[in-house]
There are 2 protein chains.
Amino acid sequence: MAQIKTYPRVMPTSECVDAALPLSALRVACSNCGLRDLCLPVGFSHAELVRLDGLVARRIRVYKGASLFRTGEPFEGLYAVRSGFFKTRTTSEDGREHVTGFQMAGELLGLDGLAADAHICDAVALEDSQVCVIPYAQLESVSHEFMTLQRQFHRIMGREIVRDHRVMALLGGMRSEERLATFLLNLADRLEARGFSPSSLVLRMTREEIGTYLGLKLETVSRCFSKFQSEGMLNVRQRQIQIVDRVALQALVAGASFKV
Amino acid sequence: MAQIKTYPRVMPTSECVDAALPLSALRVACSNCGLRDLCLPVGFSHAELVRLDGLVARRIRVYKGASLFRTGEPFEGLYAVRSGFFKTRTTSEDGREHVTGFQMAGELLGLDGLAADAHICDAVALEDSQVCVIPYAQLESVSHEFMTLQRQFHRIMGREIVRDHRVMALLGGMRSEERLATFLLNLADRLEARGFSPSSLVLRMTREEIGTYLGLKLETVSRCFSKFQSEGMLNVRQRQIQIVDRVALQALVAGASFKV
DNA sequence: CGTTTGCTTGACAGCATTCAACGTTGGTGG
DNA sequence: CCACCAACGTTGAATGCTGTCAAGCAAACG
């Protein structure tokens, strides 16, 4: 797993990840964050960005395998992924796990807690990660006097709903290969938006996690990977995925994907 | 697929066409609406309710089969179902339909439009219906000076996300019988909250619509109904459903449903 | 009253799951 | 440094659930 590190990080700025420097001492501000064009303040002017700086209370680390929050815990605020990778999951009464999403840098976690002031899923780090904490009280009061933020926040919640609807359509109507192809293309797009190669990616999750996200068993996921490779669409070596024939992958998804 | 109907689009203009009593003459106000304990203003005091009265611009009728809004149309606001029954659906490139939800009195439609200022699904009336129109601009400005409303609106969006996550879990992890049982119990609960019998219900949707909502084919839905009947859990006569053994239905779902 | 639409049921096929065995990788401790 | 272990991934064979195709029936509609 050592070679994951060789991938270029969209690396923010001065403020990061130096073990010598406690995070609490770092300047935590949207206005000088490298992710500002992906995260909450997309499209904000510099003046607007500065107004956001009071919003982010602090930044916290979540080590691989640890939970940022868990089902039932009180909702306190949202979390913006600063670096790393998360999954959100729910667990059924009989112990089956269902992954509801994967989140990477610039994406928000915790919206599920708005409904009942308590989280209804677990957010688990799939690698050592950092998140910015946006206390809900803060968000409420700042967006109260700052219309652009309010609008933006609504937009982000809307995006979450749209995303969920797409996943529902995927789970309800696609066959295994279409599901996996959709998943890979979506992942590639999001990575590309963050400055990574869109054709060469390293999965942060197991086959089983992909499976429960896509409504498939891990063996089915594995078989699909193998099939895509044998058909020359992918190169698969464990979690290292190379998209060889993007067009073919897209063609697989074309009919099943949804109109705008 | 040729028979996809071009249903008449509802005209959101001079609301209604009832000669005897134009809706415009009715008092359109949350403060004296019988649904206020189910709809947007759940839990509001009377004083707060009155502040909402400026929010609802007008009420419009949508006849059975007609669309309240369609994919691609500009987002203008939210709609609260006043009476009647809706489905929201998306359509894939190759013409397959996927139902993303069913909405009854007191529930909100249109949240999908927040993301991109355009709707990404169709809202179709399954019976003659009425909706209250809540222009987004209005909602924005009122909630700006009225914290309780802002909080409530966030809560409602959160609920939508939670609902979607439950559906995702259903689609990803349950077998056909569990899906249908979950669906029926959910429907019964919502009807009960509206003062209807929780054990005797009339479906407003076809087997096919249930199917695309649950990720099943209509034949499978039909077979499940028959099986539930033969096992004494339901009485099924077309769309008239009687829940005979609620406990058995719940037991079917128990293991698969999700922890709080 | 005939036509259309929706619902039910049967027979069969196919895709994904299940069960099982084996291979690979990375970490741990001797 | 190597051996071993645990977690993860791959593959095969068989089962089974759901989909597909088809026919017939019931209800709604004009």
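Every chain is numbered from 1 and lettered A, B, ... according to where its sequence line falls, protein lines coming before strand lines.
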Can you name the closest pair of heavy atoms from Ser176(A) and Cys224(A) and give their distance? OG-SG, 3.6 Å
My understanding is that only residues two or more places apart in sequence, or in another chain, count here; which of them pass side-chain contact (heavy atoms from CB on, under 4.5 Å) with Glu73(A)? Phe69(A), Arg70(A)
End-to-end axis angle, where each axis spans five pairs of the helix from dC1(C)-dG30(D) to dG30(C)-dC1(D), to 10°: 40°
Assess whether a salt bridge exists between Arg223(A) and Glu219(A), defined as any Lys/Arg side-chain N lying under 4.0 Å from an Asp/Glu carboxylate O. no
Using only side-chain N and O atoms of Arg239(A), determine if any of them is under 4.0 Å from OP1 or OP2 of dC8(D). no
From CG of Leu180(B) across to P of dT8(C) the rounded distance in Å is 11 Å
May I ask you to list the residues of residues 202-213 of chain B, by number, that have any heavy atom positioned under 4.0 Å from an atom of DNA chain C? Thr206(B), Arg207(B)
Between the main-chain N or O of Ala123(A) and the side-chain N or O of Arg89(A), is there a donor-acceptor pair closer than 3.5 Å? no
Gln229(A), CD atom: more than 12 neighbouring heavy atoms under 6.0 Å: yes
Please find the pair of heavy atoms, one from Met174(B) and one from Arg179(B), that lie closest to each other, and give the distance. O-NE, 2.9 Å
Presence of salt bridge, Lys64(B) and Glu127(B), under 4.0 angstrom: no
Glu107(B): which of Arg82(B), Arg163(B), Arg194(B), Lys87(B) passes salt bridge (Lys or Arg N to Asp or Glu O under 4.0 Å): Arg194(B)
From CG of Leu214(B) across to C1' of dG19(D) the rounded distance in Å is 15 Å
Please check if any side-chain donor atom of Ser67(A) sits under 3.5 Å from a side-chain acceptor atom of Asp122(A), or the reverse. no
Ion pair Arg96(A)/Asp94(A), N-O distance below 4.0 Å: yes
Below 3.5 Å is the cut-off: list the nitrogen or oxygen pairs between protein and nucleotides 14-21 of chain C, distance only.
| residue | atom | partner | partner atom | Å |
| --- | --- | --- | --- | --- |
| dA16(C) | OP1 | Ser176(A) | N | 2.6 |
| dA16(C) | OP1 | Ser176(A) | OG | 3.2 |
| dA16(C) | OP2 | Ser176(A) | OG | 3.0 |
| dT17(C) | OP1 | Lys217(A) | N | 3.4 |
| dT17(C) | OP2 | Lys217(A) | N | 3.2 |
| dT17(C) | OP2 | Thr220(A) | OG1 | 2.2 |
| dT18(C) | O4 | Arg223(A) | NH2 | 2.8 |
| dC19(C) | N4 | Glu219(A) | OE2 | 3.4 |

In whole angstrom, what separates Gln240(A)'s CD from dT25(C)'s P? 11 Å
Which heavy atom in Leu171(B) sits nearest to a heavy atom in Tyr213(B), and how many Å separate them? CD2-O, 3.7 Å
Under the side chain to side chain donor-acceptor pair (under 3.5 Å) test, which residues partner Thr220(A), sequence neighbours left out? none
Could you check whether Gln242(B) and Ser199(B), counting side-chain N and O atoms only, form a donor-acceptor pair closer than 3.5 Å? no
Give me the distances for all protein-to-nucleotides 24-30 of chain D N/O pairs that come in under 3.5 Å?
none

